[in-house]
Structure formats: C-alpha cells, structure tokens
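I have placed the structure first, in the form of structure tokens, so that the comments after it can refer back to it.
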Amino acid sequence: MPPLLSIDNLTCRYDSTDIIAGLSLKLNEGDIACLLGPSGCGKSTILRAIAGFHPASKGSISLRDQIISSENESLAPEKRPVGMVFQDYALFPHMTIAQNIGYGLNKMSRNIRNKKITEMLELVNLSDFAQRYPHELSGGQQQRVSLARAMAPEPSLILLDEPFSNLDVELRKRLSLNIRDILKSLNMTAILVTHDQQEAFAMCDHIGVIKDGTVQQWDTPYNLYHEPVNRFVANFVGQGCFIKGKQLTHVAFETELGVIEGNRAYQWPNGSHVDILVRPDDIIFNPKSSISANVISKTFAGTSTLYRLKLSSSTIVEGLFPSHQDLHIGNQINISLVADHLIAFKWSEHSSKKSI
Ligand code: ADP
C-alpha cells in the first residue's frame, strides 16, 4: 500500500532563508509519528506546510498520491483533508463545547451532524459537558475538545502542534496516552510536534529527529535510543555520554571500562579511535568487576536513581541503578559496561573534530 503522506525533498523559506532544506519522509495510514527536535529547528514550519499555511519553495507534499503542495501548486488549507490541534486549544469562547465540535460539519444535515457531535463527545469522554463553554473546562478537557473538533470531519491526517505544552507534567503524561488510544481506536494517522522526548516515546510509532530543517533519523523510539545514526541523535535522544575506545576487531573495542563487544560490525581499520555511546542503563553495579568508580552525584527518580560516576581517569559516566541500591556521594563502587547495542563514532582523521 502506498504511504498516506509523502514529503519529497521539501524546501520551505522565510524571506530568502531555507528553514526546511530538502526534507523527505513517508507516513503510513494508522501511524502516529512525531517530529522531535530543538526549538527553532523547523518542526512547526513542516506542520504548517502540510496544513497548507506555508508554501513549498521546492519539492512536494502528497496525500494519498495527490500532490497538495509543490513549487507550482498548492491546495487551499480548507480543501485539505487535514485536522489541526494547537497548543493553545484555539476553541471558540462564545460557542458551547457541542458547537465547537460541530464547527467543521456545516455541510452535513442537522441529524447527522448531531449524531457525529454525540459520537465525538463520547469518544473524548466529555458527554456531560456538551452545553458548557470552553472557560468552564480544565486545560486537559479543552484539549480533548480540540481533538474531537479536529477529528469530527473525518480528516485523513491529524496534526498536533505541541498540544500538551500548557499542561502540567502529570496531566501531560495521562493525556498523551489517552489521545494515543483515541487516535488508534479510529485508526487515525497523526503527526505530533514536540520537544519533549518522553512524550514522543510514549505516544508515537515513529519519530523523526529534526535538526536545521532536515530529518537526521526517522525511526522507532527503540531504534532512536539504541541505534542512533549520528552524534546529534545520540546526544539529543535519551541520556548518556561518550567514552574513548580503540577498535580491536569489527565488533570489539578497548576502553577504560574494559574490552566491550557489541552486536554490530564496524568496518573501520583495527586501531581506529572512536567514541562509544554509554547509556546510563548500560552501566551495571558489579562488585566482581575490577573497574572502580566514585559516586559524585545522585538524582533519585522513584524506582531508580541516576548516579554520576567518576572513573580513575577522571572520565564521568552515568549509571541508572534500582533505587533500593542506595549509594552515597563519595562511595567507591565497582561497575561493568554491558552494551549489546554498541554504538561507536569514529574520530575524524585530521583534527580533534569528531566525524558524524
Ligand atoms: P520549531 O517549531 O522547531 O521551534 P519553527 O518551524 O517555528 O521551529 O521555526 C523555524 C525557524 O524559522 C526559526 O529559526 C524561526 O525563527 C524561523 N521562523 C519561524 N516563523 C517565521 C516567520 N514568520 N518569519 C521569519 N522566520 C520565521
């Protein structure tokens, strides 16, 4: 089956500056995807281009094989089968919740329209709020109304632009899972924009990590964390640090945490100098190990505690241990590195600048 959304070599400009620079991605029907990246990298511009609010200077955007944006043509935003959910909910304050949800359904007969509104209210669990006004609802409830309004006309694609930014952390977590369930129950295809990776991990099937208007990696949350394709993705997604290593074989590297072997082959010459990605969960507490480390700080996080550990060389690594293993600052402990997904980046040849 062809992808529902296809973005090919898209370039978008503000004035004469390319903000999106030759971006390509594909999204299958029923997938929930996320654009994740630092502020200003172009995430909202991509959503605006898909919705038709920003023109394509080069390349194209297609929905179900129909080009909706290109250098020469642009389907008007209201003609695109796309629904949008905004950070500030953007509900009409003078309309009831039912009227807000019914706003985009004016071509339907009154009966069908009312049936659809009832169905949407049930879906977002707000049936008792139909006659209330937006200011009488909490932020989380208003965002569910906003989702119901976007989904009511049955668009092919829903775009969510930082939809949980105005909500507190606990509510964000609950609402993101709740909205994922609602979208999945209707097999809706959606793209979420966020700078919060926990939200992206919890909600999305695929994530595109964006930097300077290009996709660095388009992958599952698991692969982004365990198999980042470059240093930027490795640094941006998840916690961790790099330690120096020297290549012994295609799969083994000598490091100050011992010789480590991964499950992926690197074709560089033996003796190559590399940086190896160490995630906090790759470090284990191991009294039998000869590698010692000094606890220099700790961050309690409920079920686990994140420790910063200084090795004898002064390199600092992070270790995530179950919180019942309560260590103290200044403790000398023994650790091992266990990293099946061993990710190495080779140093460039001519300088201390690292290659991507
Ligand atoms: P993000 O959503 O990732 O934070 P945006 O897509 O909003 O990023 O913005 C990408 C870049 O485009 C930023 O450098 C921003 O300053 C610039 N930009 C956004 N809107 C405009 C505009 N209307 N005019 C000029 N530059 C803009």
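None of the values given here were measured: they were computed from a predicted structure. Both ligands and their constituent atoms are indexed starting at 1 by order of listing.
For the pair Arg231 and Phe242, the distance from NZ or CZ to the six-membered ring centre is under 6.0 Å and the angle to the ring normal is within 45 degrees.
Residue contacts with ligand 1 leave out Gly37, since none of its heavy atoms falls under 4.0 Å from the ligand.
One side chain, Asp281 or Tyr225, offers a donor N or O that lies under 3.5 Å from an acceptor on the other. Checked by atom type, the side-chain pair Gln247/Thr249 shows no donor-acceptor distance below 3.5 Å. Between the side chains of Gln99 and His94, not a single donor N or O lies within less than 3.5 Å of an accepting N or O.
In this structure, atom 14 (O) of ligand 1 has a protein heavy-atom contact shorter than 4.0 Å. For atom 19 (C) of ligand 1, the nearest protein heavy atom is under 4.0 Å away.
At the top of the distance list for atom 9 (O) of ligand 1, counting protein heavy atoms only, stands Thr45 OG1, 3.9 Å. Distance from atom 24 (N) of ligand 1 to its nearest protein heavy atom, with residue and atom name: Tyr14 CD2, 3.5 Å. Nearest protein neighbour of atom 8 (O) of ligand 1, counting heavy atoms only, is Gly42 N, 3.2 Å.
When each atom of ligand 1 is checked for a heavy atom of Ile19 under 4.0 Å away, the hits are 10 (C), 11 (C), 12 (O). Set against the non-hydrogen atoms of Lys43, the atoms of ligand 1 under 4.0 Å away are 1 (P), 2 (O), 3 (O), 4 (O), 6 (O), 8 (O).
For Arg144 (side chain) and Val124 (main-chain N/O), a donor-acceptor pair under 3.5 Å exists by modelled atom type.
Using a cut-off of 4.0 Å between Lys/Arg side-chain N and Asp/Glu carboxylate O, Lys173 and Asp196 are scored as not salt-bridged.
Which of Gly40, Ser44, Pro38 comes nearest to atom 7 (O) of ligand 1 through a heavy atom is settled by distance: it is Ser44.
Considering CD of Glu199 and CG of Leu192, their distance stands at 6.0 Å, rounded to 0.5 Å.
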